[in-house]
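Along the sequence shown, residues are numbered consecutively beginning with 1.
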Amino acid sequence: MNLTDSIVPRSDQANAEDFLAGPRTFTIEKVVAGTAEQPVEVHLREMPGRPYKPSKSMRRVLVMAWGAEASNYTGRRLTLFRNPDITFGKERVGGIEISHLSHIDKALTVALTVTRGRRKPFTVAPLTDAPATAPTRDELDPVVVSEWVETLEAATSLSALQTAWADAGRAGVAHDPRVIAAKDKQKAALT
């Protein structure tokens, strides 16, 4: 049994590695229930097919800022970043946190649990910029789409495909059905 595919980072969700280059701002498309382990999936317009699955602490921030009804989050915006100091057990593994939120008038500070019995203030700033509009399928240059299709089809491993798919998302072409189909086809061929 070859374990190579079992160690590829999950590409069905946003990962801390997606933010190594810096923070990114997203528009919430919808919020749905997840699994028992990760009960909330925040689907992001700019990262289709890879929902943000917030930690319990970040869910507390969202509830404090926007209320408990997740259906109200659609269309709102948030900025996510990689915090390298996030720990799992005693190991520093890094994780995703929220730095800015739309629909708040001023900075919001929430006391979040750091370790059992110890809390630390966490501040989220208001997001005041206008939402970026993703290009529609008709606005995408067909040559650019073809190049991304070729890039995805050329991936020789699931890891390479994941990297190409993340790059397509950052380039703003991952929502195009032709690009999605190329990714799905290559993923099926590699598994």
### Query
Among Met64, Lys120, Met58, Glu97, whose side-chain contact (heavy atoms from CB on, under 4.5 Å) with Leu112 holds?
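With Leu112 as partner, side-chain contact (heavy atoms from CB on, under 4.5 Å) holds for just one option, Met58.
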Mind checking whether [X] and [Y] have side chains closer than 4.5 Å, heavy atoms only?
X	Y	result
Val124	Val110	no
Thr25	His100	no
Tyr52	Met47	no
Val31	Leu62	no

### Message
Set out, in order, the CA-CA distance, both residues' side-chain angles and the distance that settles side chain to side chain contact (heavy atoms under 4.5 Å, CB included) for Phe122 and Leu108, then state yes or no.
### Response
CA-CA 8 Å; Phe122 182 86; Leu108 171 70; over 6 Å; no
Between [X] and [Y], which heavy-atom pair has the shortest distance, and what is it?
X	Y	result
Val145	Val179	CG1-CG2, 4.0 Å
His43	Val32	NE2-CG2, 3.5 Å
Ala164	Leu152	CB-CD2, 3.7 Å
Phe81	Pro23	CB-CB, 4.0 Å
Pro126	Ala107	CD-N, 3.7 Å
Val40	Pro54	O-CD, 3.6 Å

What distance separates [X] [atom1] from [Y] [atom2], expressed to the nearest 0.5 Å?
X	Y	atom1	atom2	result
Trp148	Ile180	CH2	CD1	14.0 Å
Leu158	Lys187	CG	NZ	7.5 Å
Gln13	Ile96	CD	CD1	7.5 Å
Ile98	Leu127	CD1	CG	11.5 Å
Ile86	Glu91	CD1	CD	14.5 Å
Leu161	Thr151	CG	OG1	11.0 Å

### Query
Which residues satisfy the salt bridge (charged side-chain N to carboxylate O under 4.0 Å, His left out) test with Asp105, sequence neighbours excluded?
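If we apply the salt bridge (charged side-chain N to carboxylate O under 4.0 Å, His left out) test to Asp105, skipping adjacent residues, there are no hits.
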### Task
Under the salt bridge (charged side-chain N to carboxylate O under 4.0 Å, His left out) rule, collect the residues that match up with Glu41, sequence neighbours excluded.
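Glu41 satisfies salt bridge (charged side-chain N to carboxylate O under 4.0 Å, His left out) with Lys53 only.
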### Message
Taking side chain to side chain donor-acceptor pair (under 3.5 Å) as the definition, give me every residue that meets it alongside Glu150, ordered by chain and number, with sequence neighbours left out.
### Response
none
Do the side chain of [X] and the main chain of [Y] share a donor and acceptor less than 3.5 angstrom apart?
X	Y	value
Arg45	Glu29	no
Trp66	Ser102	yes
Gln186	Ala154	no

### side chain to side chain contact (heavy atoms under 4.5 Å, CB included) assessment of Leu78 paired with Leu44
CA-CA 10 Å; Leu78 73 169; Leu44 308 167; 4.1 Å; yes
### Message
Run the side chain to side chain contact (heavy atoms under 4.5 Å, CB included) test on Glu46 and Thr27 for me, step by step, so that the C-alpha distance in whole Å, both residues' side-chain angles and the decisive distance to 0.1 Å come before the verdict.
### Response
CA-CA 7 Å; Glu46 296 83 1; Thr27 305; 3.1 Å; yes
